[in-house]
2 protein chains.
Amino acid sequence: MSTHNKAEPTDRARPATIRDVAAAAGVATSTVSRALSNPGRVNHLTRARVVEAAEALDYVPSSQARGLSSGRTHAVALLVPDITNPFYFDIIRGTQHQLKAAGYTQLLVDTEESAEMELDALRSMQRAADGVILAASRLTDEQLNAAAAIQPLVTFNRASAEAPTVVIDTPSATIQAMEHLASLGHRTVCYVSGPQNSWSDSMRWKAFQEDSQQRGLQTHRIGPYAPKTTSGAAAADAALRTGSTACIVFNDLLAIGMLQRFAARGVQVPKDISIVGCDDIFGADFCHPPLTTIASPTEQAGRVAVTMLLSQLNPALAAGTRRVAVMPTHLRVRESTGSVPQV
Amino acid sequence: MSTHNKAEPTDRARPATIRDVAAAAGVATSTVSRALSNPGRVNHLTRARVVEAAEALDYVPSSQARGLSSGRTHAVALLVPDITNPFYFDIIRGTQHQLKAAGYTQLLVDTEESAEMELDALRSMQRAADGVILAASRLTDEQLNAAAAIQPLVTFNRASAEAPTVVIDTPSATIQAMEHLASLGHRTVCYVSGPQNSWSDSMRWKAFQEDSQQRGLQTHRIGPYAPKTTSGAAAADAALRTGSTACIVFNDLLAIGMLQRFAARGVQVPKDISIVGCDDIFGADFCHPPLTTIASPTEQAGRVAVTMLLSQLNPALAAGTRRVAVMPTHLRVRESTGSVPQV
DNA sequence: ACATTCTTGGCAAGCGTTTGCCAATTGTTG
DNA sequence: CAACAATTGGCAAACGCTTGCCAAGAATGT
């Protein structure tokens, strides 16, 4: 109104900028900026005028420009090894929720179980995101630490020296499962392992091994298998060949695949063999038989990861933030486990 | 080397900028920019020098700055009503794949089945993304058209006057299912409906209604139900009360929930009642009994949606692009459907 | 030898914000 | 009433990149 615009005021194709708002409200752009993102620095009457003008013009600040000048993108990247793995659904939802609540945008990236893609994504997120949540990383410790040195990072299900991390308490879960199986009379147990470079898998195997030794159980290990239902057939056959009466399986996906194979071969679960999965994914309760599995609050884990990351970004919130969050687990007994078969 | 930097050259905390690269390569920033994103405009020798310098400095262009000046963000937003609905997994994966191949970033947003959140997201994406893929929109035609007028948009499973759209061919799928049921002798069929403002639901219901009339079948309709397994119990009970011998259910989630309820109540599927789901989601093959359902190439649908959007963004690719893509469907008969019960 | 056209690189003006700094205005104090 | 502090708004310089424009030099034609 009082200032000099150069272009015609009503060019209704291009979204309104801060300048348009400033002109409409009769103030400087700096005032608009402050009114909108730093209230208190501006007289509340002026602020009201600005807000009104912004609304009238349907003004949406450009996150790009904001990011450029402020140095922060208000975006957080979530890297998962496989978007279609139901295990990550709850994580995705958990992070999404918490992120949105904090005014952040989520950048979802599927790294396809590949360390290389992970590195790539990390690289490009260096500028595109304020921080990264790295789920089930396939990276080496070295790579991980290097990444953590460059940008704010939180790992999930992957402990690292440098980065804060949230882990599902797999070892104690495995022990719970062993306890359960032992109490059912099983003496020969098989561990069906997942991806080779999975940290979770190695943790789980370690716990399995130690615990079975303590209990004096005979053990087998088969794998590695890709964590998909389609790998279940091979795993089922191999498990049978070991002569084990029970299996602890890397995750539910694989376990469900095994269940399907057993059904096809006429092997009865749990009469002939008991199966324990891990993750309690969608479907574990309605597969056949319903799967005994290790459950944990995954969605909450996602939220915690975000909280840890955000506190890294904003030191003001950083008070008493842990570097490691351990999510509790518990065994959810359904119908895929039963007494040891009578020989 | 030849230019005048003000700061110390080795400030290894801040990522390298185009200026650093320019200095290292002994050229102007504009040349670096062109060498990197507009090859051919630059002598290939110069270009080689630039690329080398960029690599040496581990230079990653700022997508923010790039976006600010070029006006495009190279990001595409995908809005889904419920991230945890397995139906969307394949879509997410499909779009992610295609987007990545085209050098775009995916912004995933869960709108929680709410039109309001959808509008909000749309608004903020106006600046933050080059375009939006809107899955199963809950918006009114009016709102949808308004949105499409403002920014590039592709809808999924929601036809709209303005925006290009990719739809799963639900009507013909429903007819296939009716055919299947009729051939099994069913004369009284129930449609179990999904969310009230779901376009898919209304299309499906319409086809159901018309087809059953043609066949002279007696019909019922129950619902609406939230498309989750947890709504299955109520739906199962209600379906039973209608006296129908078969149900066509809005989606697999709901159908699986019904299956669980039937099992709990001792109602046998398909002996007592037949169930047809829709979507062929993860789990439909291993629930009990395995679900007869309507399958379609969802992941491909996601890819198609991206292609349509990208051709909108880049008119160069826009040759012969359809405004509507219809994805074929087919009935996948498993074990949840069978002959009509003998009375 | 000169005029003309390409090719290539540099200059500098943005893109839409934020923010440090200053100036004007108002309020408070001795 | 002078002196000072606090509040508030504006100016202008970044932020890192793209791109229109121009000029220098090379290549071509006459």
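The model shown is predicted, which means the values in this text are computed figures rather than measured ones. Per chain, numbering begins at 1; letters A, B, ... match sequence-line order.
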Starting at [atom1] of [X] and ending at [atom2] of [N], how long is that distance when rounded to a whole Å?
| X | N | atom1 | atom2 | value |
| --- | --- | --- | --- | --- |
| A/Asn43 | C/dG27 | CG | C1' | 14 Å |
| B/Arg19 | D/dC17 | CZ | P | 8 Å |
| B/Leu36 | D/dT18 | CG | P | 8 Å |
| A/Asp20 | C/dT17 | CG | C1' | 13 Å |
| B/Asn38 | C/dT7 | CG | C1' | 14 Å |
| A/Gln64 | C/dG14 | CD | C1' | 15 Å |

Q. With sequence neighbours excluded, what pairs up with B/Asp82 under the salt bridge (Lys or Arg N to Asp or Glu O under 4.0 Å) test?
A. A/Arg93

**Q.** Which residues share a salt bridge (Lys or Arg N to Asp or Glu O under 4.0 Å) with B/Arg127, sequence neighbours left out
**A.** none

Q) What bend angle does the helix from C/dA1-D/dT30 to C/dG30-D/dC1 show across its length, from five-pair end axes and to the nearest 10 degrees? A) 40°

Q. Does a donor on one side chain sit under 3.5 Å from an acceptor on the other, for A/Glu118 and A/Ser137?
A. yes

Q. Do you see a donor-acceptor pair shorter than 3.5 Å between the side chains of A/Gln106 and A/Thr95?
A. yes

(Q) Protein within reach of the bases, or only the backbone? For nucleotides 18-24 of chain C, mark each nucleotide 5' to 3' as B, S or -, using heavy atoms under 4.0 Å. (A) BBBB---

Q.
Does C/dT17 have its OP1 or OP2 closer than 4.0 Å to a side-chain nitrogen or oxygen of B/Arg127?
A. yes

Q: Please say which of B/Asn145, B/Asp141, B/Thr140 ends up in a side-chain hydrogen bond (donor to acceptor under 3.5 Å, both in side chains) with B/Gln143.
A: B/Thr140

**Q.** salt_bridge(A/Lys100, B/Asp110) N-O dist < 4.0 Å
**A.** no

**Q.** Those residues that, when tested against B/Thr155, pass side-chain hydrogen bond (donor to acceptor under 3.5 Å, both in side chains) (two or more places apart)
**A.** B/Thr165

Q. Sequence neighbours excluded, which residues qualify as side-chain contact (heavy atoms from CB on, under 4.5 Å) partners of A/Ser37?
A. A/Ser33, A/Arg66

(Q) Quick check: closest heavy atoms across A/Glu113 and A/Pro195, and the distance to 0.1 Å? (A) OE1-CG, 4.3 Å

(Q) Go nucleotide by nucleotide along DNA chain C from the 5' end; which of B/Ala28 and A/Leu68 gets its closest nucleotide reached first? (A) B/Ala28

